[in-house]
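Have a look at the structure below, then the notes.
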Amino acid sequence: MGHSKEVWKPGNMLYPVPAVMVSCGRPGETPNIITVAWAGTVCSDPVMLSVSLRKERFSYSIIKDTEEFVVNLVTGDLARAADYCGVRSGRDVDKFRDMKLTPLKSAVIQAPGIEESPVNLECRVRRIMELGTHDMFLAEVVSVTVDKDQIDDRGKFHLNDTGLVAYSHGEYFLLGEKLGRFGYSVQKKGRRR
């Protein structure tokens, strides 16, 4: 039985995507957080990622001026804060204070991370691509901070046990059931997923 399809105009339907909180700040000013759903990995050597922002966003000028930011992964416990940081402007509110989040001193850059996040990716902007409604900041990851509580006695980091959140078509979802691991489709029968 075939699937019935309908053609729509072009649109961004590449979902789900990670929901991340991007923290940034200028020296002497209150640091800010913007929630970004348009973020992704772009290179593994050098380690690079991208975030896309509208020029009118408060964080845009901060990141453009300082050429640095921190990508903070979002867990279920941080979902409400992530939503708040995506709908309120740092021009009007102190998002760290309002959401009772703790600025985390970064190891390499000046912008703070978010202590409550299990992973903080410190980034330096390498290039800004003007694309239309959004500009893409291509950035090199210069340091990574992870939650010690998620590291076992053998040194393995259990990222998937932190309760990560994805964003899909206007809604937040807690990541769920594991279906397999990379390469499981070609493993010999009898091996564990």
Side-chain angles (χ1 to χ4, degrees), residues 11-12 14-40 49-145 147 162-174:
N12 288 318
L14 183 60
Y15 290 118
V17 294
V20 298
M21 292 191 289
V22 174
S23 50
C24 56
R26 291 186 189 99
E29 294 182 10
T30 301
N32 194 47
I33 304 166
I34 183 170
T35 300
V36 176
W38 293 357
L49 57 76
S50 69
V51 296
S52 294
L53 304 173
R54 290 180 181 268
K55 287 182 180 178
E56 60 268 17
R57 299 291 186 230
F58 182 61
S59 293
Y60 180 96
S61 64
I62 297 171
I63 294 170
K64 188 172 183 184
D65 291 349
T66 63
E67 297 184 329
E68 61 181 37
F69 58 89
V70 180
V71 172
N72 305 274
L73 299 190
V74 174
T75 62
D77 291 341
L78 292 171
R80 183 172 174 77
D83 184 66
Y84 181 87
C85 291
V87 297
R88 294 287 186 239
S89 174
R91 289 182 186 95
D92 307 319
V93 298
D94 179 339
K95 297 177 189 181
F96 274 98
R97 184 194 67 220
D98 289 359
M99 290 291 99
K100 297 178 177 44
L101 297 172
T102 311
L104 175 69
K105 182 171 175 42
S106 291
V108 176
I109 65 173
Q110 295 298 310
I114 300 171
E115 187 172 311
E116 291 78 7
S117 173
V119 178
N120 317 95
L121 306 164
E122 297 178 30
C123 301
R124 282 206 178 110
V125 174
R126 293 292 175 234
R127 183 174 171 198
I128 302 171
M129 296 176 64
E130 294 188 22
L131 300 174
T133 59
H134 290 68
D135 285 358
M136 181 189 306
F137 289 81
L138 292 171
E140 183 175 352
V141 178
V142 295
S143 184
V144 177
T145 304
D147 223 344
T162 61
L164 295 174
V165 169
Y167 178 83
S168 183
H169 202 56
E171 299 175 316
Y172 302 97
F173 293 90
L174 194 61

Practice item. For V71 and N120, run side-chain contact (heavy atoms from CB on, under 4.5 Å): C-alpha distance rounded to whole Å, both residues' side-chain angles, the deciding distance at 0.1 Å, then the answer. Key: CA-CA 6 Å; V71 172; N120 317 95; over 6 Å; no
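- Listed by chain and number, the residues in a side-chain contact (heavy atoms from CB on, under 4.5 Å) with D98 are Y84, V93 (sequence neighbours excluded).
- Looking only at distances, no side-chain donor or acceptor of T35 sits under 3.5 Å from a matching main-chain atom of M21.
- Scanning all heavy atoms of the two residues, the minimum distance from P112 to V70 falls at O-CG2, 3.6 Å.
- Scanning both residues, K95 and I33, for their nearest heavy atoms gives NZ-O, 2.7 Å.
- In terms of heavy-atom proximity, P118 sits nearest to T162 at CB-CG2, 3.8 Å.
- In this structure, T102 and I114 have side chains that are not in contact, with every pair of non-hydrogen atoms separated by 4.5 Å or more.
- A distance of 11.0 Å separates CD1 of I34 from CZ of F69, quoted to the nearest 0.5 Å.
- Formation of a donor-acceptor pair under 3.5 Å by the N72 side chain with backbone atoms of G113 is not found in this model.
- A139 and C123 get closest at one heavy-atom pair: CB-CB, 3.8 Å.
- For the pair V119/V144, a side-chain contact is recorded, criterion being any heavy-atom separation below 4.5 Å from C-beta on.
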Using distance only, find each side-chain donor-acceptor pair of residues 128-138 under 3.5 Å and give its atom names and separation, not counting sequence neighbours.
| unit_1 | atom_1 | unit_2 | atom_2 | d |
| --- | --- | --- | --- | --- |
| E130 | OE1 | K55 | NZ | 3.4 |
| D135 | OD2 | Y60 | OH | 2.5 |

I'd like a table of donor-acceptor pairs (distance under 3.5 Å, sequence neighbours excluded) in which one partner is a side-chain atom from residues 165-174, with atom names and distances.
| unit_1 | atom_1 | unit_2 | atom_2 | d |
| --- | --- | --- | --- | --- |
| Y167 | OH | G170 | N | 3.4 |
| Y172 | OH | D83 | OD1 | 3.0 |

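- Every residue two or more places apart in sequence or in another chain that forms a side-chain contact (heavy atoms from CB on, under 4.5 Å) with S143 is listed here: A107, V108, E122.
- Listed by chain and residue number, E140 satisfy the salt bridge (Lys or Arg N to Asp or Glu O under 4.0 Å) test with R126 (two or more places apart in sequence, or in another chain).
- Taking every heavy atom of both residues into account, R26 and S61 meet most closely at NH2-OG, 3.2 Å.
- In this structure, SG in C24 is found 13.5 Å from CD in E67, a value given to the nearest 0.5 Å.
- Without hydrogens or angle criteria, E116 side chain to L101 main chain gives no donor-acceptor distance under 3.5 Å.
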Exercise for review: Would you please test S50 and R127 for side chain to side chain donor-acceptor pair (under 3.5 Å) and show each step?
Suggested key: CA-CA 10 Å; S50 69; R127 183 174 171 198; over 6 Å; no
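- A search for side-chain contact (heavy atoms from CB on, under 4.5 Å) contacts involving F58 returns N32, I62, S89, R91, not counting sequence neighbours.
- Side-chain N or O atoms of S117 include one that pairs as donor or acceptor with a backbone N or O of L73 at under 3.5 Å.
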Exercise for review: Decide yes or no on side-chain contact (heavy atoms from CB on, under 4.5 Å) for L49 and L121, but give the supporting numbers first.
Suggested key: CA-CA 10 Å; L49 57 76; L121 306 164; 3.9 Å; yes
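- Across all non-hydrogen atoms, the minimal contact from V51 to A39 is CG1-CB, 3.9 Å.
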